[in-house]
2 protein chains.
Amino acid sequence: MAAEPRDDVAPATSPPQRRLVTMKQVAELAGVAPSTVSRVLTGAATSVSISDETRRRVLASAEELGFRPSRLARGLRGSRTALLGLLVRDLRYPLHQSLVDAIVREAHDRGYHVVIGSTDGLDADQHELERILETRMVDGVVVVGGLDDLPGLVDELYRERIPVVGLGLGSRDGHIPIVRSDNEAGARLAFEHLAELGHRRLAVVVAGVHPEIVDRRDVFLAAAAAAGITVPPAHVIDVANRTDAAETAVAPLLASSARPTAVFCTTDMVARGVLRAAQRAGIGVPDGLSVVGYDDQEWAADWWPSLTSVRQDAWGLGSTAVRLVLEAIDDPSATVPFRDWLPVRLEVRASTGPARPDPVGGTERGD
Amino acid sequence: MAAEPRDDVAPATSPPQRRLVTMKQVAELAGVAPSTVSRVLTGAATSVSISDETRRRVLASAEELGFRPSRLARGLRGSRTALLGLLVRDLRYPLHQSLVDAIVREAHDRGYHVVIGSTDGLDADQHELERILETRMVDGVVVVGGLDDLPGLVDELYRERIPVVGLGLGSRDGHIPIVRSDNEAGARLAFEHLAELGHRRLAVVVAGVHPEIVDRRDVFLAAAAAAGITVPPAHVIDVANRTDAAETAVAPLLASSARPTAVFCTTDMVARGVLRAAQRAGIGVPDGLSVVGYDDQEWAADWWPSLTSVRQDAWGLGSTAVRLVLEAIDDPSATVPFRDWLPVRLEVRASTGPARPDPVGGTERGD
DNA sequence: TTGTAAGCGTTATCAA
DNA sequence: TTGATAACGCTTACAA
């Protein structure tokens, strides 16, 4: 039987799917008005005061009934939903996963839930955004990566008066606060490390066109130039931020006689591709080739050889972003710091070593 | 001054933080009643029909104003919030990260947003759950891992009439649908692989006490027994599902003269610990020791040596779980399949090889 | 075929 | 110090 026995006093509409404790019930039990319950529970110290007796009764009743205020109703009424929107460019990028972890936990610590949206599909971006906004459920938004690919994003969020903070591979010149690591320092650390090891024939693998990536490349090249080292254009390889793409793209370079003795990779994912390509080409790392990565992503220390990499503080990045959005939510008129540079450090591992006087297996013939 | 200049025609309350298009405005522009707009927009084929002319005007007005229905109001009114709760036991466990990715994308494809909650802190579990429920915002919940650690979870969700589906390391005997891989087949595959390679001195590293993990152990041991192989209790090592814990725990085993020639690890994370311990002990893998993992987590193929592992279909697991919850949401009276076994397969890589006649470096003295 | 009105649970304003 | 009341934006009987 699908139908339950009819209840004579059932409400006019279909039986509520979820029986839930409402404020009115608490009020009834406590023998006060709903508004009083609200006042007690919201702890509204606002001007009015409440008799101890009443407060006690209300709290007791709420406790007894297991009352939980509906965030839906609260949100509708105009206050906060305590929901934070999170738009992630690529949920499979290891750094982004760490960021999500950090963001979720920081948000929880501050009493917020996180509504997560992934913008993996290239065209889905706008769509996704609309879905988040459409609900108008979120008090603020953190965008991880790909800010540049969402042209109307900032504007639309701004129009909706929803605070946004960008995180990760975001633009330098947007109109919203962006939390990033100190890419300049990171790229410089990478260069200095290789330079100290005696490397002068360098290459750079550029993982995509995002501003952060480009910054890393530029700073690295500038540092090299300042040290009197020229990196030939053919040694600056543009590639998608994917391991397989990098592996394919650097193969010709490694096969050439003029191949570099060291490679700076702007992300670990492409560094992994370089390691694979070297292995395939029979070039030993670090003896035949030194490789520096960027991100120090999960498990990069377990690769073979373990990867020397510029470590980003994912936890710091995530929690800072959350902190900034929540500040903006709490005080919309306040000016949040426009940008936050988090320090990086170099994790030196087995993928880098001293430059050999002569590249192993190199011939004089170029191509 | 905190107070803003007064606006004579301002609404009684403080100025709405977010100006938004409401249904009433659409109705006004279209020259119809709000209810009509609702009918048109919800596509309510329910009994009533609407004149083409009206429908056209409503749609045009909605489009022109950029109207987006408030999910808040909808949810409050009793319908769906289109929000899916996601409770993740450990957001840093690589398999869980893949599951989150799959879940988020599947949910999006089906028009749902995902509210994510992490239950990393051991005591925060109940707290977290309460927070998700407290909002009563979610139409359903997917719980990834750790279902057993949340005693009251199922009951409470059941009481709230919120559909739940468990995923991953969940209990076998709960009262809710659980989506899992075929652990039996996985453990058997692992054993058969090692047996074919001639291994008879086996060990098992058990990563925690979750039912799935225990199942893998039991099936592996049973298969061994059936093949006439006894795994001594000292070779069954219980350990937390962490790399460092595993590394420490197996060190004595590897140092013993009676050490196994092959180890079955119930997760890749502990397999990584075993690989490290072997490396530290100077035991070559796979020559001195074969290692099989479980999960085939991200990057395990890039370890050294690359890990032979039982691959779980994270994508299939995630999307199936979402499918089941949404089915339950759409039809609360329907009976969803109680359990779903997803197939696994063995990825054979470099960490397993034929058993040596005599364990390398073994002595006769035990300890 | 469409409009009217009530109500979802909460909070803010006003009056008592 | 507290209670009644009116929104918030939407859906859905019921009436027209």
Side-chain angles (χ1 to χ4, degrees), chain A residues 10-28 30-58 62 65 67-82 134-137, chain B residues 10-28 30-58 62 65 67-82 134-137:
Chain A
T13 66
S14 62
Q17 195 59 355
R18 297 167 196 165
R19 144 228 82 114
L20 44 87
V21 182
T22 152
M23 239 174 71
K24 207 186 322 193
Q25 299 174 35
V26 176
E28 226 158 276
V32 298
S35 50
T36 304
V37 177
S38 174
R39 278 188 281 250
V40 172
L41 263 34
T42 52
T46 54
S47 61
V48 292
S49 47
I50 302 161
S51 83
D52 281 0
E53 167 60 10
T54 303
R55 155 171 287 115
R56 204 188 45 69
R57 279 217 316 280
V58 167
L65 265 43
F67 169 74
R68 304 203 197 297
S70 157
R71 293 244 166 111
L72 251 40
R74 276 195 178 160
L76 186 55
R77 190 57 182 76
S79 18
R80 306 280 140 76
T81 57
E134 146 191 319
T135 72
R136 264 192 350 245
M137 275 172 155
Chain B
T13 67
S14 62
Q17 195 60 355
R18 297 166 197 166
R19 141 230 84 117
L20 44 87
V21 182
T22 152
M23 236 173 76
K24 207 182 330 188
Q25 298 175 34
V26 177
E28 226 158 277
V32 298
S35 52
T36 304
V37 177
S38 174
R39 280 187 280 252
V40 171
L41 262 34
T42 53
T46 55
S47 62
V48 292
S49 49
I50 301 159
S51 84
D52 281 0
E53 165 60 11
T54 304
R55 155 170 287 115
R56 204 189 44 69
R57 278 217 316 278
V58 168
L65 264 44
F67 169 74
R68 304 202 196 300
S70 158
R71 293 245 164 110
L72 251 40
R74 274 196 181 159
L76 188 55
R77 188 56 183 77
S79 18
R80 305 282 139 75
T81 57
E134 147 190 317
T135 72
R136 265 195 346 250
M137 276 174 156

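Keep in mind that the numbers below use all heavy atoms, side chains included, and drop hydrogens, waters and symmetry copies. Residue numbers start from 1 in every chain, and the chains themselves are labelled A, B, ... in the order their sequence lines are given, proteins ahead of strands.
Ranking D/dT11, C/dT4, C/dG9 by closeness to the B/Thr42 side chain, first place goes to D/dT11. Checked against D/dA13, C/dG9, C/dC14, the side chain of A/Arg39 finds its nearest nucleotide in C/dC14. When the nucleotides D/dA4, C/dG3, D/dT2 are ranked by their closest atom to the side chain of A/Ile50, D/dT2 comes out on top. Across D/dC10, D/dT2, C/dG3, the shortest atom-to-atom separation from the side chain of A/Thr54 is found for D/dT2. If you check C/dG9, D/dA4, D/dC10 against the side chain of B/Pro69, the one that comes closest is D/dC10. For A/Ala33, the listed nucleotide lying nearest its side chain is D/dA4; candidates were D/dT11, C/dT10, D/dA4. When distances are taken from the side chain of A/Leu76 to each of D/dC10, C/dT4, D/dG9, the shortest belongs to D/dG9. Listed candidates were C/dA6, C/dG3, C/dT11. Nearest to the side chain of B/Arg77 is C/dA6.
Considering only side-chain N and O atoms, A/Ser35 lies nowhere under 4.0 angstrom from the phosphate OP1 or OP2 of C/dA12. Between A/Ser70 and the phosphate of C/dG9, there is no side-chain N or O to OP1/OP2 separation shorter than 4.0 Å. Residue A/Thr22 has a polar side-chain atom (N or O) positioned under 4.0 Å from OP1 or OP2 of C/dT10. A close approach under 4.0 Å does occur between a side-chain nitrogen or oxygen of B/Thr36 and OP1 or OP2 of C/dG3.
Of all non-hydrogen atoms in A/Ala73 and B/Leu76, the two that sit nearest each other are CB-CD1, 3.9 Å.
Here D/dC10 presents its C1' atom at 14 Å from CD of B/Gln25, a figure rounded to the nearest Å. Atom CE in A/Met23 sits roughly 8 Å away from atom C1' in C/dG9 (whole-Å rounding). Residue A/Glu28 contributes atom CD, which lies 15 Å from atom C1' of D/dG3 at whole-angstrom precision. The separation between B/Arg68 atom CZ and D/dC8 atom C1' is 19 Å, rounded to whole Å. Rounded to whole Å, the distance from NZ on B/Lys24 to C1' on D/dA7 is 9 Å. Between the C1' atom of D/dT2 and the CZ atom of A/Arg56 lies a distance of 17 Å, rounded to the nearest Å. Rounded to an integer number of Å, the gap from A/Leu41 CG to C/dG9 P is 16 Å.
By the 4.5 Å heavy-atom criterion applied to side chains, B/Thr42 and B/Arg74 are counted as neighbours. Using a 4.5 Å heavy-atom threshold, the side chains of B/Arg56 and B/Glu53 count as touching. Side chains of A/Arg39 and A/Val32 form no contact here, defined as non-hydrogen atoms less than 4.5 Å apart.
Residues A/Glu28 and A/Lys24 are not paired through a salt bridge, judged by the lack of any N-O separation under 4.0 Å between the basic side chain and the carboxylate.
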